[in-house]
Participant: 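The following block contains the structure, expressed as structure tokens.
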Number of protein chains: 2
Amino acid sequence: MARNSDTPRSNCRINFALETFGDKWTLLIVRDLMFKGKRTFGEFLESKEKISTNILADRLKRLEEHGIVEKTVAPDNRSKLLYRLTSKGKDLLPVMLEITAWSVKHDATRNTSDPFLTMFGSAKEEMMSAILDKLD
Amino acid sequence: MARNSDTPRSNCRINFALETFGDKWTLLIVRDLMFKGKRTFGEFLESKEKISTNILADRLKRLEEHGIVEKTVAPDNRSKLLYRLTSKGKDLLPVMLEITAWSVKHDATRNTSDPFLTMFGSAKEEMMSAILDKLD
DNA sequence: ATGTGGTGCTTGCAAAATGCAAGTACATTC
DNA sequence: GAATGTACTTGCATTTTGCAAGCACCACAT
């Protein structure tokens, strides 16, 4: 594996973030945890992007190592693990919303007058609170 | 090459963004253009992360194809190309700043009372205008 | 006009990461 | 105790990356 072995390429802040979640999969897991109420390995596997099991296991491990995600044993089934965002993970919400806003604006395959943008523009804080309230 | 060949893995907005800049290098180039005043192939190569020439060429091509970056011939030297952000690229500024804010907050190797965070918290719009004014 | 250096790449090849299918381990349920 | 659910691990082919070298074009000095 040894993707970001140990020493950062630089001490730049953008680089710090990229070495944490700079790949095609990691933020999809964050998305599923943050916006879709998913919590288990099996639920992440169901997402439309079709992540494979080895990559998912690797990214969950990484996210845990970085303190963005933590897992607990499910109360009803000891072989089932529940993943959730830590506060460090929840702090990615503004990043996720700005990414979403950018995509809504620039994805040509989408409607230009998207309700997300109006709401995001006028009630950002309320939007964030509503999302955070639903977690845990 | 054929990294994101043609058909998106899903029509999710987070995924749209990840298929555009979801890797370890692309946003470093955006950073160099947006915050460091860099404009040429050679200048990007100098950055501390040490991108290699083939990857840089590939990412610049991709960024152009996605309409995030455009290039022009330098007025003083016809073999020199000047890269710059398009408006779509400049629209990544909020994303870049939120990523920076997250990293400042969570990079344990950094000072906790970073001036970026106070300024970002109190004068976000002014900060963005100042950055955009320096471009082009 | 020729050589030297600047600029932006391309190429070749080894190493690493990814993607896919199958298999494993443990817990619960019947 | 057999079948199912859950979370992975393993093996292997394909793709991407990283490194070093080479190439093509332009500019400038001799």
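Reminder, nothing fancy here: chain letters follow the sequence lines and each chain counts from 1. Any value given below was found using the heavy atoms of this structure, including those in side chains, with hydrogens, waters and symmetry copies removed.
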Participant: Under 4.5 Å between side-chain heavy atoms, hopping through other hydrophobics if needed: is there a path connecting A:Leu82 to A:Leu45?
Facilitator: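 Per the 4.5 Å side-chain linkage, A:Leu82 and A:Leu45 are not co-clustered.
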Participant: Ignoring backbone atoms, test whether B:Tyr83 places a side-chain nitrogen or oxygen under 4.0 Å from the OP1 or OP2 oxygen of C:dT7.
Facilitator: no
Participant: Of A:Arg9 and A:Lys80, whose nearest nucleotide on DNA chain D comes first from the 5' end?
Facilitator: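 Its nearest nucleotide being more 5', the pick is A:Lys80.
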Participant: Output all residues satisfying side-chain hydrogen bond (donor to acceptor under 3.5 Å, both in side chains) with A:Asn15, sequence neighbours left out; order by chain, then residue number.
Facilitator: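 Partners of A:Asn15 under the side-chain hydrogen bond (donor to acceptor under 3.5 Å, both in side chains) test: A:Arg9, A:Ser10, A:Glu19.
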Participant: Kindly indicate whether the side chain of A:Thr53 and the base of D:dT9 share any N or O donor-acceptor pair separated by less than 3.5 Å?
Facilitator: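 When only heavy-atom distances are counted, A:Thr53 does reach the base of D:dT9 through a donor-acceptor pair under 3.5 Å.
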Participant: Could you tell me how far apart B:Lys50 (NZ) and D:dA20 (P) are, to the nearest whole angstrom?
Facilitator: 12 Å
Participant: How many Å lie between NZ on A:Lys61 and P on D:dA7, as a whole number?
Facilitator: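 The distance from NZ of A:Lys61 to P of D:dA7 comes to 18 Å, rounded to the nearest Å.
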Participant: Does B:Trp25 place a side-chain N or O at less than 4.0 Å from the phosphate oxygens OP1/OP2 of D:dT17?
Facilitator: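 False: B:Trp25 side-chain N/O out of range (4.0 Å or more) of D:dT17 OP1/OP2.
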Participant: Measure the spacing between CG of B:Asp32 and CD of B:Glu43 and express it to the nearest 0.5 Å.
Facilitator: 9.0 Å
Participant: State whether the side chain of B:Thr26 and the backbone N or O of B:Phe21 hold a donor-acceptor pair below 3.5 Å, judged by distance alone.
Facilitator: no
Participant: Without decimals, in angstroms, what is the distance between B:Asp23 CG and D:dT15 C1'?
Facilitator: 15 Å
Participant: Do you know which two heavy atoms are closest between B:Trp102 and A:Ala17, and how far apart they sit?
Facilitator: CZ3-CA, 4.3 Å
Participant: Walk me through it: do A:Asp23 and A:Arg62 pass the test salt bridge (charged side-chain N to carboxylate O under 4.0 Å, His left out)?
Facilitator: CA-CA 12 Å; A:Asp23 73 276; A:Arg62 249 172 226 292; over 6 Å; no
Participant: Between C:dG8 atom P and B:Ile51 atom CD1, what is the distance in whole Å?
Facilitator: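 The answer, rounded to whole Å, is 14 Å.
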Participant: Just how far, in rounded Å, is C1' of C:dT18 from CD of A:Glu49?
Facilitator: 16 Å
Participant: Measuring from the side chain of A:Asn54 (C-beta onward, heavy atoms only), which nucleotide among D:dA21, D:dG18, D:dT9 has the closest atom?
Facilitator: D:dT9
Participant: Which nucleotide in the set D:dG18, C:dG19, C:dT10 lies at the smallest distance from any side-chain heavy atom of B:Ala57?
Facilitator: C:dT10
Participant: Which residues, if any, of residues 33-47 of chain B bring a heavy atom under 4.0 Å of DNA chain C?
Facilitator: B:Thr40, B:Phe41, B:Gly42
Participant: Quickly work out the A:Leu18 CG to D:dT17 C1' distance and round it to whole Å.
Facilitator: 16 Å
Participant: Which is it for B:Lys36 and B:Glu46 under the salt bridge (charged side-chain N to carboxylate O under 4.0 Å, His left out) test, yes or no, and what are the steps along the way?
Facilitator: CA-CA 12 Å; B:Lys36 310 228 176 191; B:Glu46 291 166 10; over 6 Å; no
Participant: Separation of B:Leu81 atom CG from D:dA24 atom P, in whole Å?
Facilitator: 18 Å
Participant: Check whether NZ of the Lys or CZ of the Arg B:Arg13 lies under 6.0 Å from the centre of the six-membered ring of A:Phe116 and within 45 degrees of that ring's axis.
Facilitator: yes
Participant: Using whole Å, report how far CD of A:Glu64 lies from C1' of D:dA7.
Facilitator: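 After rounding, the gap between these two atoms is 13 Å.
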Participant: Look for any protein N or O under 3.5 Å of an N or O in nucleotides 28-30 of chain C and output each such pair with its distance, or none.
Facilitator:
unit_1 : atom_1 : unit_2  : atom_2 : d
C:dT28 : OP1    : A:Arg78 : N      : 3.4
C:dT28 : OP1    : A:Arg78 : NE     : 3.4
C:dT28 : OP2    : A:Arg78 : NH2    : 3.0

Participant: Does either side chain, that of B:Lys38 or that of B:Ser47, offer a donor lying less than 3.5 Å from an acceptor on the other one?
Facilitator: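 Looking only at side-chain atoms, B:Ser47 and B:Lys38 do form a donor-acceptor pair, the distance falling under 3.5 Å.
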